Number of protein chains: 2
Amino acid sequence: MIRVILAEDQAMVRGALASLLDLEPDIEVVGEAATGEEAVAVVERLEPDVALLDIEMPVLDGIAAAARIRARTPGCRVVILTTFGRPGYLRQAMEAGAYGFLVKDSPARELAVAIRRVLGGERVIDPGLAAAALSAGPNPLSRRERDVLVAAADGSTIVDIARALHLSEGTVRNYLSSAIQKTGARNRIEAVQRSRLQGWL
Amino acid sequence: MIRVILAEDQAMVRGALASLLDLEPDIEVVGEAATGEEAVAVVERLEPDVALLDIEMPVLDGIAAAARIRARTPGCRVVILTTFGRPGYLRQAMEAGAYGFLVKDSPARELAVAIRRVLGGERVIDPGLAAAALSAGPNPLSRRERDVLVAAADGSTIVDIARALHLSEGTVRNYLSSAIQKTGARNRIEAVQRSRLQGWL
DNA sequence: GCGCTTCTCTGACAAATGTCATAGAGAAAG
DNA sequence: CTTTCTCTATGACATTTGTCAGAGAAGCGC
C-alpha cells in the first residue's frame with residue numbers, strides 16, 4: 001500500500017481528493033492537513049510515502065512546506081498539486097525538492113498515476129509547463145522589488161509601502177519603477193499581474 | 001436515485017467531487033461539464049434532479065448558467081458550489097433562482113446532505129454568509145461604474161478604458177472617482193479589491 | 001582588487017490619476 | 001409632473017505616480 005498524506009485548505013476539495021484516491025486499490029490516504037504547517041507536522045508524525053501538497057494554503061504555502069519536509073523527513077516524496085501552472089511555481093517547487101508537479105485542470109486519473117510514478121523514482125512534470133518554465137527564464141526581480149510589488153498589490157500608496165517596509169518614499173518609487181520596467185508593464189497594476197502570472201511573487 | 005450533474009472547470013476537482021458523490025448510495029452523477037454553457041446543454045439533455053455549479057467557470061459563469069437553467073429546465077434544482085463566499089455572489093445566485101449555496105471550505109460530507117435537502121424542497125445556505133449578504137446591503141455601483149472598474153482591474157490606463165468602452169477620458173475618470181468614493185477606497189486598486197471581496201464585479 | 005548587483009537615498013521633471021463643479025439627456029419612480 | 005438616478009461630457013485643479021540621473025555602502029564572484 002502506498003501511504004499518502006493530503007494537504008489542501010479547501011475542506012470539500014480535500015475530502016473529494018481523498019475519496020478519489022481511496023478508490024485506488026494500492027493507495028491509502030493516511031492523513032490530511034489544511035495548512036502547510038500542519039502538513040509538515042503530519043508528515044513528520046506519520047512518515048508517509050508521498051505528501052500531496054497544494055500551493056495556495058494559509059500560514060505556510062505548499063512550496064515552503066515542501067522544503068521543510070525534505071529537510072526533516074527526506075524519505076517522504078513531495079508532489080505539488082496546484083490550481084495555477086505558473087512557471088515560477090514549478091521552478092520553486094523543483095528547488096524545494098518536489099518530485100512531481102501537477103495542475104488541477106489535468107484529468108482526475110492522472111493523480112494516482114503520478115503518485116505511483118513518483119514512488120517509482122520518476123519525476124512527474126507537465127511537459128508543456130516545463131518548457132514554459134525553462135523558456136521564461138528565472139525571476140528577474142530583486143528581493144526588494146518583489147517586496148514592494150507585493151505591498152503594492154492591495155492598493156497601498158507609496159507612502160503606505162514606505163512605512164510598511166521602513167523605506168523612504170523615493171526608494172519605493174524607484175523599486176516600483178524598476179519592477180515595472182523589468183516586467184515590461186506600464187504601471188504597478190500590470191506589473192503585479194504579470195509577475196503573478198509568472199509566479200514571481 | 002438522485003440524478004446529479006456536475007459543472008466545474010478544473011478537471012481534477014470535478015473528478016474528485018464525482019467520486020465523492022458516487023460514494024453515496026442514493027446519488028448518481030449522470031453528467032459533467034467544464035463550462036457554464038456546457039452545463040446548460042447537459043442539463044437540458046439529461047434533465048437531472050440537481051445541477052451542481054461552480055461559479056468561476058470560463059465562457060459562462062455558474063450564476064449566468066443557473067439563470068438559463070431555471071428558464072429552460074425549471075425541473076432541475078441548482079446548487080452553487082464556490083470557492084469564494086462573497087455576499088454579492090450569494091445575492092446574485094438567489095436572484096438567479098438557485099436553491100443552495102455552498103462554499104468549498106465547508107466539510108465534504110455537507111455536499112450530499114445539501115443535495116438531499118434541496119431535493120426535499122429546502123433552501124440550503126450557509127447561515128453566516130446569509131447574514132453577511134443581508135448586512136452588507138446591495139451593490140452600490142452603477143452598471144457603468146462596474147464596467148469601468150472591471151476594465152481597470154488588469155492595469156489598463158484611463159485612455160485604454162475610454163477606448164474599450166467608447167467613452168471620453170473625462171467620463172472614465174468620473175466613473176472611477178465615484179466607484180472609489182462608493183467603495184470607500186483611496187484609489188482604483190483598492191476599489192477593485194473591495195468590490196471583488198463583496199462580489200460586486 | 002575589480003566589476004557586478006543590490007540596497008538605499010535625493011532631487012527634478014513629466015505624465016497619469018483623482019476630485020470637484022457643472023450640465024444636458026433619458027429613464028424610472030413617486 | 002417632479003424628483004431622482006444614471007449616463008455622458010467638459011474644464012480646472014491638486015496630488016500621485018512613474019522616470020531619470022546620480023551617488024554611497026555592502027556583498028559576491030573571479
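Keep in mind that the numbers below use all heavy atoms, side chains included, and drop hydrogens, waters and symmetry copies. What you are looking at is a predicted structure, and each value in this text was computed from that prediction instead of being measured.
Summarising the geometry, the separation between CG on B/Leu141 and C1' on D/dC5 is reported as 14 Å, rounded to the nearest angstrom. Going from atom CG of A/Asp160 over to atom C1' of D/dT17 covers 14 Å, rounded to whole Å. The interatomic distance linking B/Arg188 (CZ) with D/dT15 (P) rounds to 19 Å, in whole Å. Following rounding to the nearest Å, A/Leu176 (CG) and D/dG18 (C1') show an atom-to-atom distance of 9 Å. To the nearest angstrom, C1' of D/dT17 lies 14 Å from CG of A/Leu149. Computed from coordinates, the B/Ile180 CD1 to D/dT15 C1' distance equals 13 Å when rounded to whole Å. What separates NZ of A/Lys182 from P of D/dG18 is a distance of 17 Å, to the nearest Å. Following rounding to the nearest Å, B/Asn187 (CG) and D/dG18 (C1') show an atom-to-atom distance of 15 Å.
Contact annotation: the side chain of A/Arg188 approaches that of B/Ile189 to within less than 4.5 Å [non-hydrogen atoms, C-beta and beyond]. Between B/Val40 and B/Leu60, some side-chain heavy-atom pair lies under the 4.5 Å cut-off. The closest side-chain heavy-atom distance from B/Leu102 to B/Val79 is below 4.5 Å. Side-chain atoms of A/Glu28 and A/Ile2, non-hydrogen and from C-beta on, never get closer than 4.5 Å to each other. Counting only heavy atoms from C-beta outward, the side chains of A/Thr183 and A/Trp200 approach each other to under 4.5 Å. Using a 4.5 Å heavy-atom threshold, the side chains of B/Val172 and B/Leu176 count as touching.
A salt bridge links A/Arg116 with A/Glu24: the closest approach of a Lys/Arg side-chain nitrogen to an acidic carboxylate oxygen falls below 4.0 angstrom. Under 4.0 Å is where a charged nitrogen must lie from a carboxylate oxygen, and between A/Asp54 and A/Arg14 no such pair does.
Less than 4.0 Å separates DNA chain C from no heavy atom of any residue of residues 152-159 of chain A. Residues from residues 166-173 of chain A with heavy atoms under 4.0 angstrom of DNA chain C, sorted by number: A/Leu167, A/Ser168, A/Gly170, A/Thr171.
Dashed line: the shortest gap from a side-chain N or O of B/Arg186 to OP1 or OP2 of C/dG18 is not under 4.0 Å. An OP1 or OP2 oxygen of D/dG18 is reached within less than 4.0 angstrom by no side-chain nitrogen or oxygen of A/Tyr175. Residue B/Ser142 places none of its side-chain N or O atoms closer than 4.0 Å to OP1 or OP2 of D/dT6. Contact annotation: B/Arg143 side-chain N/O to D/dC7 OP1/OP2 distance is not under 4.0 Å.
For the pair B/Arg77 and B/Tyr99, the cation-pi criterion (under 6.0 Å, within 45° of the ring axis) is fulfilled.
Of the possible polar contacts, one joining the A/Arg123 side chain to the A/Ala98 backbone as a donor-acceptor pair under 3.5 Å is found.
Within 6.0 Å of the CZ atom in B/Arg146, the count of heavy atoms belonging to other residues, nucleotides or ligands exceeds 12.
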- Query: Checking salt bridge (charged side-chain N to carboxylate O under 4.0 Å, His left out) for the pair B/Glu44/B/Arg68: CA distance, chi angles, key distance, verdict?
  - Reply: CA-CA 10 Å; B/Glu44 204 165 15; B/Arg68 291 207 196 168; over 6 Å; no
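Comparing A/Asn174 and B/Glu145 against DNA chain D, the residue whose closest nucleotide sits nearer the 5' end is B/Glu145.
Each end of the helix from C/dG1-D/dC30 to C/dG30-D/dC1 yields a helix axis from five base pairs, and these two axes differ in direction by 50° (to the nearest 10 degrees).
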